[in-house]
2 protein chains.
Amino acid sequence: MSPEKQQFYRHLQRAGLKRTGQRDLIVDIFLHTEDHLSSEDLYRIVKEQDASIGQTTIYRTLKLLVEAGLASEVRFGDGRSRYEPNNKFPHHDHLICTTCNRTIEFYSAESKALLDSIAASRGFHPTQQSIRIFGLCAACAGDSSHDSPPAINKRGVPDVIGVAK
Amino acid sequence: MSPEKQQFYRHLQRAGLKRTGQRDLIVDIFLHTEDHLSSEDLYRIVKEQDASIGQTTIYRTLKLLVEAGLASEVRFGDGRSRYEPNNKFPHHDHLICTTCNRTIEFYSAESKALLDSIAASRGFHPTQQSIRIFGLCAACAGDSSHDSPPAINKRGVPDVIGVAK
DNA sequence: GTAGGTGCAAATCCTTTGCAAGTGA
DNA sequence: TCACTTGCAAAGGATTTGCACCTAC
């Protein structure tokens, strides 16, 4: 069993909760994505494996994953929550193209340090920081030295087009 | 008439829209706040001046204000949109206390420059950047060298507790 | 006169909750 | 056993839309 699933079950145990087949399946699938899945996206994928699972269980399990520290909730301005597994990259931020909805992930240690020091100077104790840059990706801005805009994918899920470390 | 209202009416004109008494009132009130008002907060205040105005008009006018570049939409994780006038501070970010809901505004030219260069290196053209740091303010973290946590205010609106320039 | 605006009620969309029937420890 | 789970349907809460009536230009 992966260390992430172990962490998940440790969380369940500590909280007096139970291990179930549904949670097993949902967590397995979730941990193997690195998309920014919405609850409904995940629901659709999970249903392919077990058509009897309900939306509600997806919502509840995603909440557990966040509590267990295995997932982060992100919002890109389309009015729905998306989730990303924390096991891929410990923390990263997003450039969000408001035209094609693709996202570019990046991580900047300098920004993080800068923001930490700003928080510290106000006596603030951060638990989470979120940086989002909205705008046009190179393709949508018509920059011909970059890829052309992608067709919107089947699920309407933003594709990740790159990770800048 | 303030330059902001002029800008608003210029936007209406360019878009072929009309000036109305309702828009006048809503814009006047909005531009004189620096709270992070939700649509409903603004609705309550506006109704004190004109009880006949409907929620819908508030929603629609806030949207116009954003389009006109006079307001920014912000979300603090409580599932509702809040708006701040752009005439006070051109741009700023937020430390958000997840216990007492107060926010501390700050502006960091260094962060902005850093993020601009990250965006540029990906060929991304930013239109808006949003930095949010969630955590505990000094008071809620029990830091006695700072103010004690505030009573939650009447409207449940996060109070601004400071602006770091 | 006419395109655009307004307020109301109804509709939407995402998410949560109540509940009766299951199920893991 | 029994507290925790599940799926369904209904409820919720924020925001949007349809519509008949009004109003700025």
S.K.: Shared ILVMFWY cluster between B:Leu62 and B:Leu70, side chains joined below 4.5 angstrom?
M.R.: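 B:Leu62 clusters together with B:Leu70.
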S.K.: Rounded off to whole Å, could you give me the CD-to-P distance for the A:Gln13 and D:dC4 pair?
M.R.: 14 Å
S.K.: Is A:Glu40 paired with A:Arg44 through a side-chain N to carboxylate O contact shorter than 4.0 Å?
M.R.: yes
S.K.: Going 5' to 3' through nucleotides 13-20 of chain D, assign each nucleotide B (protein heavy atom under 4.0 Å from a base atom), S (under 4.0 Å only from sugar-phosphate atoms) or - (no protein heavy atom that close).
M.R.: -SBBB---
S.K.: Could you list who else is in A:Leu114's hydrophobic cluster, with ILVMFWY side chains joined at under 4.5 Å, directly or through other members?
M.R.: B:Leu114
S.K.: Are B:Arg82 and B:Asp41 close enough that some pair of their side-chain heavy atoms sits under 4.5 Å apart?
M.R.: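 The answer is yes; the side chains approach within 4.5 Å.
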S.K.: Check the distance between C:dG22's P and A:Arg23's CZ and give it to me in whole angstrom.
M.R.: 19 Å
S.K.: Separation of A:Leu25 atom CG from D:dT6 atom P, in whole Å?
M.R.: 12 Å
S.K.: To the nearest Å, how far apart are B:Ile58 CD1 and C:dG5 C1'?
M.R.: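 Atom-to-atom, B:Ile58 to C:dG5, this comes out as 14 Å.
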S.K.: Separation of A:Gln22 atom CD from C:dG24 atom C1', in whole Å?
M.R.: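 The distance from CD of A:Gln22 to C1' of C:dG24 comes to 11 Å, rounded to the nearest Å.
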S.K.: Expressed in angstrom and rounded to an integer, what is the separation of B:Tyr43 atom OH from C:dT6 atom P?
M.R.: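 Rounding to the nearest Å, OH of B:Tyr43 and P of C:dT6 are 14 Å apart.
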S.K.: Is the phosphate of C:dG4 approached by B:Arg19 (side-chain N or O, under 4.0 Å from OP1 or OP2)?
M.R.: no
S.K.: Can you confirm whether or not the ring centre of A:His94 sits under 6.0 Å from the ring centre of A:Phe76?
M.R.: yes
S.K.: Does this structure show an ion pair linking A:Arg132 with A:Asp93, if we count only N-O contacts that are shorter than 4.0 Å?
M.R.: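 Between A:Asp93 and A:Arg132 there is no salt bridge, as every charged N stays at least 4.0 Å from the carboxylate O atoms.
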S.K.: Between atom CG in A:Leu62 and atom P in C:dT15, what is the gap in whole Å?
M.R.: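 That distance rounds to 10 Å.
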S.K.: Applying salt bridge (Lys or Arg N to Asp or Glu O under 4.0 Å), run through B:Glu67 and B:Lys63 and close with a yes or a no.
M.R.: CA-CA 6 Å; B:Glu67 284 173 21; B:Lys63 202 172 258 185; over 6 Å; no
S.K.: Just the rounded figure in Å: distance from P of C:dT23 to CD1 of A:Ile53.
M.R.: 13 Å
S.K.: Could you run down the sub-3.5 Å N/O contacts of the protein with nucleotides 1-3 of chain C?
M.R.:
| from | atom 1 | to | atom 2 | distance (Å) |
| --- | --- | --- | --- | --- |
| C:dA3 | N3 | B:Lys18 | NZ | 2.7 |

S.K.: Does OP1 or OP2 of C:dT6 have a side-chain N or O of B:Thr20 closer than 4.0 Å?
M.R.: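 Checking B:Thr20 against C:dT6: at least one side-chain N or O falls below 4.0 Å of OP1 or OP2.
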S.K.: Side chains of A:Ser81 and A:Glu73: is there a donor and an acceptor less than 3.5 Å apart?
M.R.: yes
S.K.: Transitively linked via ILVMFWY side-chain contacts under 4.5 Å: B:Ile29 with B:Tyr59?
M.R.: no
